Participant: 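To start, I am sharing the structure in question, which I have written as structure tokens.
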There are 2 protein chains.
Amino acid sequence: MQMDERKRKILRAIVQDYIATAEPIGSRTIARKFDLGVSSATIRNEMADLEDLGFIEQPYTSAGRIPSDAGYRYFVDCLMDPKVLNTEEKEFIERESTKRIHEIQEVITHTSKLLSELTNLTSLVLGPHKAKSTFGKLHFLPYQPGQVIMVIVKENGAVENHIIEVGENQTAEELQQVAEVFNQKMRGYSLNQVKRSMLHEIYSELSRQRLLIDNTLDMLRAILDDSEEDERICLGGTLNMLNQPEFKDLGKVKTLFKVFEENEPLKKLLHPHQEGLNVTIGGENMMKEFKDCSVISATYKVNGLTIGAVGVLGPTRMDYAKVIAIVDFMTRSLTEVLTKRRR
Amino acid sequence: MQMDERKRKILRAIVQDYIATAEPIGSRTIARKFDLGVSSATIRNEMADLEDLGFIEQPYTSAGRIPSDAGYRYFVDCLMDPKVLNTEEKEFIERESTKRIHEIQEVITHTSKLLSELTNLTSLVLGPHKAKSTFGKLHFLPYQPGQVIMVIVKENGAVENHIIEVGENQTAEELQQVAEVFNQKMRGYSLNQVKRSMLHEIYSELSRQRLLIDNTLDMLRAILDDSEEDERICLGGTLNMLNQPEFKDLGKVKTLFKVFEENEPLKKLLHPHQEGLNVTIGGENMMKEFKDCSVISATYKVNGLTIGAVGVLGPTRMDYAKVIAIVDFMTRSLTEVLTKRRR
DNA sequence: GTTAGCACTCATTAAGAGAGAGTGCTAACA
DNA sequence: TGTTAGCACTCTCTCTTAATGAGTGCTAAC
């Protein structure tokens, strides 16, 4: 059995209606609501075919039909009219995107907020990949007797600092010298690469400055070890999920929100390594907690390099055309802002 | 009508039972469960009195009784056996508290996690009061042509940094000189105090360095303006609320979680300006969203100065003795850890 | 190939009947 | 006078039953 134009029209009608109402729809209602020029009986026959093809399903005997995951997939791939944001919407996003761009963290949280507000769904934003950011420079700043502030500047502009212990009689020159060795060895290397032999090299070269080196290395190691784990997903609009009729059940809410507290599962949803825009529908993402959810995700770049991803999570019954348009435009806008910011 | 010993016993029984079961309890059940040596009829009479006194109430005619806010209050003030943690529990908390004390933010989040796990309720932790922290030192670090990293060290050890724009031809000496002026004028002042005339003074003294000063001032202002707002409450274990039978209603969950997203209302719950341990029961905290919740909060200190607060939020039906003991011990432990950490 | 008609299915809703827990009141008792 | 037993009454909760209504699949006619 093949899809023909009429089947396509009916499937589109079912998906659109279900997205709008969240109610199963029957043949009679389709005939009434959508002007397809055929009777409900004909639609009924076609719907039986669509069910055989796996595009729609019945929650129970003699309820209306709802789209299956495959139905949504066909809709997204073949039936949907791709939406383009109008200039007003575009301008709004661009205006908002350029508002707070000083701190990278601010950009992330603001993007997340914006996404969830525009879609009324839950947004996921993954900040720049730390491991990919390369070591720029190490500074020591005087703080208190026996303590200095260690500032690590990465080449992507991120700055981290920690207070570390040094000998009481450490002079500024010695500190300067130590920093210099680190800077020469490590500049331009990613934090992952630094991990290996390099540290030992530094250690042997500066064996006199035991305490300082030890503490610096400890701190660096802490930062390196964190770097993977520290890629926290920024979540926005989680409460929007509570407004979705599919989450009127408290048990579902509980399991969903439990996953929201973990980072790794959320990261998986985003496909940060899969460049460009991705649509994952229902069971397509392997985690059973999200089998009733879809994710629209896309990556963003800085200077041509993919460094992070944003996404929108909602029930499979979501307005794909709209959300795809928003996510797509958002990542472009983000890429632009971040690239401009870095100069 | 006065409270006598028997009334007290009965009230204690009602509160304890309701805390444990979340079900209204009737006279017969009390007579059966608690060995008070009188019949259900007598208890019934006493319960009528307790209701007149406002300590218990009926959800509806011919249901059992549940404690009123006033009943919990009387229980907490007069009836409760204060609990003391056993050494095992104490050691656990102390061990956990000293685990991650490098970053103040880590201490906060870890405390929050610990509190919520120990109580199975929601924890609120308010970090050190930023406005109270005093300006320590300003550094400029070279970054890229036309950009420097501005590092602001506060005297409490907190460090903030931002990248700012400067003229392309700015020399290290000039930067040094500008930083010096800022440092002389501002050291030891709280960020609130800095706000006023001082900035103008600096401005006039260094009028040649227009761009640099402008950007530095902008950034400082941003930090100053943020300082109030930036006292974010760290929430933990919000999901625990979903396990409470009083929140089996999705509407309640929604309003509760909505408030969780805002900072100011939560701050109010903590009474950060009211030193020591506080118990706020039900309607005692003015916000109607929390009229069915109680908060146990306490402040913590660094070097004798009250700088923050922690709290536990739960349904009015909570195990006051246990939670009070935990919060109390936790703030003591926190005070100790932070004081030691600062030296 | 399309449509009208019809019997059938199944969730949802409303109404009604018990059951159960608890109360307040009264009268008897120590 | 305080305590207790007994009893009628109230109100929620649960279970059953019946009615409703949307929708289907099948058959036969167009």
Side-chain angles (χ1 to χ4, degrees), chain A residues 1-11 13-15 17-18 20-68 71 245-246 248-249, chain B residues 1-11 13-15 17-18 20-68 71 245-246 248-249:
Chain A
M1 193 180 352
Q2 282 290 319
M3 288 294 279
D4 56 26
E5 194 48 42
R6 194 167 64 188
K7 282 192 179 55
R8 268 194 281 274
K9 266 186 186 161
I10 291 173
L11 179 55
I14 293 171
V15 174
D17 189 85
Y18 188 64
T21 67
E23 295 294 333
I25 186 169
S27 53
R28 225 179 94 80
T29 318
I30 292 177
R32 231 186 307 115
K33 269 193 176 176
F34 299 82
D35 194 21
L36 299 180
V38 290
S39 77
S40 71
T42 308
I43 294 173
R44 202 144 56 234
N45 291 330
E46 295 287 41
M47 282 169 88
D49 290 353
L50 285 171
E51 183 157 9
D52 286 345
L53 287 164
F55 290 141
I56 57 178
E57 52 197 26
Q58 272 181 296
Y60 50 86
T61 323
S62 75
R65 304 302 216 295
I66 61 174
S68 66
E246 23 275 279
K248 66 184 191 312
D249 172 38
Chain B
M1 193 183 347
Q2 281 290 319
M3 286 296 278
D4 56 27
E5 195 47 42
R6 194 167 65 190
K7 282 191 178 57
R8 268 193 281 274
K9 268 186 185 161
I10 293 173
L11 179 55
I14 294 172
V15 173
D17 189 86
Y18 189 65
T21 67
E23 295 294 332
I25 186 170
S27 53
R28 225 179 95 79
T29 317
I30 292 177
R32 230 186 309 115
K33 271 193 177 176
F34 300 82
D35 194 21
L36 299 179
V38 290
S39 77
S40 72
T42 308
I43 293 172
R44 204 143 57 234
N45 291 330
E46 296 287 41
M47 283 170 87
D49 290 353
L50 285 171
E51 182 156 11
D52 286 344
L53 287 164
F55 290 143
I56 57 179
E57 52 197 25
Q58 273 180 296
Y60 49 86
T61 323
S62 75
R65 306 300 218 294
I66 61 175
S68 65
E246 23 276 280
K248 65 184 191 313
D249 172 37

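Lettering follows sequence order; numbering is per chain, from 1. Computed from a predicted structure; not experimentally measured.
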Participant: Which is it for A:Met3 and A:Phe55 under the side-chain contact (heavy atoms from CB on, under 4.5 Å) test, yes or no, and what are the steps along the way?
Facilitator: CA-CA 11 Å; A:Met3 288 294 279; A:Phe55 290 141; 3.6 Å; yes
Participant: From NZ of A:Lys7 over to P of C:dT2, roughly how many Å is that when rounded to an integer?
Facilitator: 9 Å
Participant: May I ask you to check whether over 12 heavy atoms, not counting those of A:Asp4, lie within 6.0 Å of atom CG?
Facilitator: yes
Participant: Look up atom CD1 in B:Ile30 and atom CD1 in B:Ile25, then write down how far apart they are to the nearest 0.5 Å.
Facilitator: 4.5 Å
Participant: Given side-chain contact (heavy atoms from CB on, under 4.5 Å), test A:Arg65 with A:Leu50 step by step and report yes or no.
Facilitator: CA-CA 10 Å; A:Arg65 304 302 216 295; A:Leu50 285 171; over 6 Å; no
Participant: Distance check needed: D:dG23 C1' versus A:Glu23 CD, whole Å only.
Facilitator: 13 Å
Participant: Could you run down nucleotides 22-29 of chain C 5' to 3' and tag each one B, S or - for protein heavy-atom contact under 4.0 Å?
Facilitator: BBBB----
Participant: Report each atom pair, protein N/O against N/O of nucleotides 15-19 of chain D, whose distance is under 3.5 angstrom.
Facilitator:
none

Participant: Should we count CZ of B:Arg8 as having more than 12 external heavy atoms under 6.0 Å?
Facilitator: yes
Participant: Measure CG/A:Leu36 against P/C:dT3 and give the value in whole Å, please.
Facilitator: 11 Å
Participant: Run through DNA chain D and report every stem of 3 or more consecutive Watson-Crick or G-U pairs, distances under 3.5 Å, ordered by first number.
Facilitator: C:1-30 with D:1-30
Participant: To the nearest 0.5 Å, how far apart are NZ in B:Lys9 and CD1 in B:Ile43?
Facilitator: 11.0 Å
Participant: Give the rounded distance in Å between these two atoms: CG of B:Asp49 and C1' of D:dG2.
Facilitator: 12 Å
Participant: I need the CD1-C1' distance between A:Ile43 and C:dA4, as an integer number of Å.
Facilitator: 14 Å
Participant: What distance separates A:Ile66 CD1 from A:Asp17 CG, expressed to the nearest 0.5 Å?
Facilitator: 12.5 Å
Participant: In whole angstrom, give the distance that lies between atom CD1 of B:Ile10 and atom C1' of D:dG2.
Facilitator: 14 Å
Participant: For the residue pair A:Lys7 and A:Ile10, establish whether any side-chain heavy-atom pair is separated by less than 4.5 Å.
Facilitator: no
Participant: Could you state the interatomic distance from CD1 (A:Ile14) to CD (A:Glu46), rounded to the nearest 0.5 Å?
Facilitator: 10.0 Å
Participant: Would you mind reporting whether B:Thr42 and B:Arg6 have side-chain heavy atoms less than 4.5 Å apart?
Facilitator: yes
Participant: Evaluate the side-chain contact (heavy atoms from CB on, under 4.5 Å) criterion for residues A:Arg32 and A:Arg28: first the C-alpha distance (whole Å), next the side-chain angles of each, then the deciding distance (0.1 Å), finally the verdict.
Facilitator: CA-CA 6 Å; A:Arg32 231 186 307 115; A:Arg28 225 179 94 80; 4.1 Å; yes
Participant: Which one, C:dC10, D:dC11, D:dT4, comes nearest to the side chain of B:Tyr60?
Facilitator: D:dC11
Participant: Output the rounded distance in Å from CD (B:Glu46) to C1' (D:dT4).
Facilitator: 13 Å
